[in-house]
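Step one of this worksheet: look at the structure below.
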Amino acid sequence: MNYDHKEHGPRRVGQVKEVTSLANPIIKDIKALANKKDRDETHSFIAEGLKLVIDALDLGWTIKTLVYAKAAKGKAQVEQVALKTVSTGGLVLEVSEKVLSAITRRDNPQMVVGVFKQRYASLKDIKPELGQTYVALDRVRDPGNLGTIIRTADAAGASGVILIGETTDPFSLETVRATMGSVFAMPVIRANVADFIKWQRAAGVQVVATHLAGAVDYRTIDYRKAPVVLLMGNEQAGLPEELAKEATALARIPQQGRADSLNLAIATGIMLFEARRHLLTLDAKA
């Protein structure tokens with residue numbers, strides 16, 4: 001499958017195509033984006049909700065197709081987004097709620113869905129500066145965890161999320177939902193272990209890794225002295241030795257109670273807000 005609206009015949013500029021059939025080839029192509037293979041082949045993904053679509057367009061992301069329910073027709077913001085989509089060469093579809101439910105796999109779908117072009121930042125272009133914080137995730141598996149971490153990194157003012165090794169897809173429906181739109185604001189970088197190690201050695205960063213064998217209380221680390229990379233291990237296995245030995249500090253979050261571990265997204269959030277404590281104030285956000 002090759003997801004490209006141009007294959008489905010010529011259309012007039014400004015035309016809105018009305019679609020009610022699940023058998024429509026364009027709808028079939030969009031539905032197929034639920035599969036990682038199809039997302040990878042087409043470099044596309046789905047984002048749900050008018051606010052997310054508006055934010056993505058404001059941040060310069062490329063929209064391929066805008067899909068909206070008939071009930072949303074005529075609303076000023078929807079009309080503006082439709083105009084913007086067409087002006088940048090995208091396709092606009094007006095569909096039934098049945099079609100939207102099939103695309104989003106929800107019984108009560110959002111009234112607006114956008115199909116966007118994927119975007120990754122390049123590790124070689126990342127030049128950390130003092131005051132910047134990056135999150136590096138080794139083989140993160142759970143889409144909810146990854147989406148929550150991207151959202152939390154955005155909220156904490158981090159500069160990017162680095163995905164090391166074979167990770168869950170940051171552009172899956174579940175991950176994008178969990179980011180609550182932060183996938184459009186937070187640079188995401190992919191790297192293998194060797195490239196990450198080479199980069200962090202040359203980047204002048206302090207790598208703070210959470211580790212069960214960590215001897216350092218995460219609250220006692222000086223996060224001000226250099227740009228910070230928070231290195232977090234896989235949900236089940238933790239950090240492999242080849243990454244752990246590269247860390248500037250192996251840290252632990254003190255715990256009480258019967259639970260012997262924290263959820264990855266929670267642990268990452270705790271580390272992020274501690275690492276950026278000296279940079280965050282209640283009046284920092286306009």
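Keep in mind that this is a model prediction, so the values were computed, not measured.
When side chains are defined from C-beta on, I189 does not count as touching S122, because their heavy atoms never get closer than 4.5 Å. Within the 4.5 Å cutoff, no side-chain heavy atoms of Q80 are placed close to those of L57. Within the 4.5 Å cutoff, side-chain heavy atoms of Y223 are placed close to those of M271. Using a 4.5 Å heavy-atom threshold, the side chains of V112 and V78 count as touching. Side-chain atoms of P227 and Q206, non-hydrogen and from C-beta on, never get closer than 4.5 Å to each other. No side-chain heavy atom of I270 sits less than 4.5 Å from a side-chain heavy atom of T268. Looking at T210 and L262, their side chains never come closer than 4.5 Å, going by heavy atoms from C-beta outward. Side-chain contact between V67 and I30: present, with at least one pair of heavy atoms (C-beta onward) separated by less than 4.5 Å.
In this structure D142 satisfies the side-chain hydrogen bond (donor to acceptor under 3.5 Å, both in side chains) test with no other residue, sequence neighbours excluded. For K36, the side-chain hydrogen bond (donor to acceptor under 3.5 Å, both in side chains) partners two or more places apart in sequence, or in a different chain, are D40. For R119, the side-chain hydrogen bond (donor to acceptor under 3.5 Å, both in side chains) criterion is met by no residue, not counting sequence neighbours. With sequence neighbours left out, the side-chain hydrogen bond (donor to acceptor under 3.5 Å, both in side chains) criterion links N145 to E235, N263.
Heavy atoms of other residues, nucleotides or ligands lying less than 6.0 angstrom from CE of M180 number 12 at most. Counting heavy-atom neighbours within 6.0 Å of E166 CD, excluding the residue itself, gives a total of 12 or less. Enclosure of atom CG in N108 is not indicated, since only 12 or fewer non-hydrogen atoms of other residues, nucleotides or ligands lie within 6.0 angstrom.
For V176 against P170, the heavy-atom pair with the smallest separation is CG2-O, 3.7 Å. What you find for Y68 and L100 is that their closest heavy atoms are C-CD1, 4.4 Å. Heavy-atom minimum distance, T148 versus A178: N-CB, 3.9 Å. Annotation for I27 and S21: closest pair CG1-O, 4.0 Å, computed over non-hydrogen atoms. Across all non-hydrogen atoms, the minimal contact from D138 to G238 is OD2-O, 3.9 Å. The nearest pair of heavy atoms linking A267 to I253 is O-CD1, 3.9 Å.
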Might you work through the side-chain contact (heavy atoms from CB on, under 4.5 Å) test for L22 and V99, ending with a clear yes or no? CA-CA 6 Å; L22 295 176; V99 170; 3.9 Å; yes
Test side-chain contact (heavy atoms from CB on, under 4.5 Å) on M232 and L264; report intermediate values, then the result. CA-CA 8 Å; M232 311 295 294; L264 175 63; 3.8 Å; yes
Walk me through whether L272 and T152 qualify under side-chain contact (heavy atoms from CB on, under 4.5 Å). CA-CA 8 Å; L272 263 168; T152 307; 4.1 Å; yes
Kindly indicate, with the supporting measurements, whether the criterion ring pair (Phe, Tyr, Trp, His ring centres under 6.0 Å) is fulfilled by F184 and W61. CA-CA 8 Å; F184 295 114; W61 285 65; 5.0 Å; yes
Intermediate values then yes/no, side-chain contact (heavy atoms from CB on, under 4.5 Å), L33 and T42: CA-CA 9 Å; L33 295 176; T42 62; 3.5 Å; yes
Derivation and outcome, side chain to side chain donor-acceptor pair (under 3.5 Å), residues R139 and T167: CA-CA 4 Å; R139 295 165 298 148; T167 69; over 6 Å; no
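The CG atom of L146 sits 5.0 Å away from atom OG1 of T175, with the distance rounded to the nearest 0.5 Å. Rounding to the nearest 0.5 Å places CG of D154 at 11.0 Å from OG of S159. Here I103 contributes atom CD1 and K31 contributes atom NZ; the two are 8.5 Å apart, rounded to the nearest 0.5 Å. Going from atom CD1 of I54 over to atom CG of L59 covers 12.0 Å, rounded to the nearest 0.5 Å. In this structure, CG on L93 lies 11.5 Å from OG1 on T20, to the nearest 0.5 angstrom.
Remark: the backbone N or O of K84 is paired with a side-chain donor or acceptor of T88 at under 3.5 angstrom. Put simply, the side chain of S87 never gets that close to the backbone of T85: no donor and acceptor are under 3.5 Å apart. A donor-acceptor pair is defined here as one N or O able to donate and one able to accept, closer than 3.5 Å; no such pair exists between the side chain of S182 and the backbone of A185. Side-chain N or O atoms of W199 include none that pairs as donor or acceptor with a backbone N or O of A191 at under 3.5 Å. A distance-only check finds no donor-acceptor pair linking the side chain of K98 to the backbone of V95 [under 3.5 Å]. Remark: the backbone N or O of G157 is paired with a side-chain donor or acceptor of R276 at under 3.5 angstrom.
V229 and I164 fall within the same hydrophobic cluster, defined by Ile, Leu, Val, Met, Phe, Trp and Tyr side-chain heavy atoms under 4.5 Å apart, directly or through other members. There is no path of hydrophobic side-chain contacts, each under 4.5 Å, that joins L212 to L243. Residue F196 is grouped with residue I126 when hydrophobic side chains (ILVMFWY) are merged at heavy-atom distances under 4.5 angstrom, including chains of intermediate members. Under the 4.5 Å side-chain heavy-atom criterion for ILVMFWY residues, a single connected hydrophobic cluster contains both V205 and V193. Under the 4.5 Å side-chain contact rule for hydrophobic residues, V228 and L123 do not share a cluster.
Using a 4.0 Å cut-off between a side-chain N of Lys or Arg and a carboxylate O of Asp or Glu, K37 and E41 qualify as a salt bridge. The existence of a salt bridge linking R277 and E274 is confirmed by a sub-4.0 Å separation between a basic side-chain nitrogen and an acidic carboxylate oxygen.
T168 and R141 are not linked by any side-chain donor-acceptor pair at a separation below 3.5 angstrom, with hydrogens and angles left out of the test.
Between F45 and F171, the ring planes lie tilted relative to each other; the angle falls in the 30° to 60° range.
Checked against L173 for a side-chain contact (heavy atoms from CB on, under 4.5 Å), the options R106, R39, E48 give a single hit: E48. For the side-chain contact (heavy atoms from CB on, under 4.5 Å) test with V161, the passing option among V140, V183, I150 is I150; the others fail. The salt bridge (Lys or Arg N to Asp or Glu O under 4.0 Å) test with K70 singles out one residue from E18, E94, E97, and that residue is E18.
Within the structure, the salt bridge (Lys or Arg N to Asp or Glu O under 4.0 Å) test picks out the following pairs touching residues 210-224 (sequence neighbours left out): D217-R219. Among pairs with a residue in residues 242-255, those fulfilling side chain to side chain donor-acceptor pair (under 3.5 Å) read Q200-E246, R201-E246, at least two apart in sequence or across chains.
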